[in-house]
Amino acid sequence: LATIFVTVWDFYMDWGLFRSTKKSTPYLRNLLTFEPRFYYKCMLLNLILRHFWLIPLILNPHFNQPLSCFQPLIFASMLAEMVR
């Protein structure tokens, strides 16, 4: 639930999704520094990296494999969170 909440918060409050009053950027905030495509790509990357930590849980739903086999994936998810 926390991940869903912060994802919605990121999109609505931070990215300004659906808060624009301009017709040129109907889904973004009014004040843009970069072109709109950049913001949409960043939103998609944010969504992917925000949920990257779920991959070890999806691959091992019953925890029947030792955690050591997922160490590289867990490390990659930590790096992804830092980049995000």
Side-chain angles (χ1 to χ4, degrees):
L1 288 174
T3 301
I4 293 170
F5 175 78
V6 294
T7 301
V8 171
W9 181 273
D10 282 348
F11 282 4
Y12 186 74
M13 298 301 287
D14 295 340
W15 296 101
L17 195 63
F18 300 115
R19 295 175 60 188
S20 177
T21 56
K22 292 183 179 180
K23 291 188 179 198
S24 61
T25 57
Y27 303 116
L28 297 174
R29 61 183 176 216
N30 289 330
L31 182 60
L32 299 178
T33 306
F34 305 103
E35 61 182 80
R37 288 187 314 183
F38 176 77
Y39 291 96
Y40 294 125
K41 289 176 184 177
C42 287
M43 281 188 239
L44 180 62
L45 185 64
N46 182 37
L47 183 68
I48 292 168
L49 294 179
R50 164 100 43 209
H51 294 87
F52 193 76
W53 63 272
L54 290 169
I55 293 173
L57 296 177
I58 293 169
L59 294 177
N60 192 16
H62 303 293
F63 300 104
N64 56 359
Q65 295 178 1
L67 187 61
S68 61
C69 69
F70 290 105
Q71 288 298 329
L73 193 55
I74 292 170
F75 179 72
S77 70
M78 286 188 236
L79 283 177
E81 183 63 22
M82 287 183 353
V83 168
R84 189 193 59 77

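Computation of the quantities below employed the complete heavy-atom set of this structure, encompassing side-chain atoms and omitting hydrogens, waters and symmetry-equivalent molecules. Numbering starts at 1 and runs along the sequence shown.
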**Counterpart residues, ring pair (Phe, Tyr, Trp, His ring centres under 6.0 Å), relative to F5 (two or more places apart)** = none

**Prompt:** Which residues pass the ring pair (Phe, Tyr, Trp, His ring centres under 6.0 Å) test with Y12, sequence neighbours left out?
**Reply:** none

**Item:** Backbone N/O of T33 and side chain of Y39: donor-acceptor pair under 3.5 Å
**Value:** yes

**Asked** Quick one: does R29's side chain have a donor or acceptor within less than 3.5 Å of a partner on D14's backbone?
**Response** yes

Same hydrophobic cluster for [X] and [Y], using side-chain heavy-atom links shorter than 4.5 Å among ILVMFWY?
X	Y	answer
L54	L79	no
M13	V8	no
F34	L32	yes

**Asked** Which atom names give the shortest non-hydrogen contact between A76 and F52, and what distance separates them?
**Response** C-CE2, 3.7 Å

**Fill in**
Scanning both residues in full, the closest heavy-atom pair of T21 with N30 reads N-OD1, 2.9 Å

Got [X] and [Y] here, is their nearest side-chain heavy-atom distance under 4.5 Å?
X	Y	value
W15	L28	no
N46	F11	yes
Y40	Y27	yes

**Message:** To the nearest 0.5 Å, what is the distance between CE on M43 and CG on L17?
**Reply:** 5.0 Å

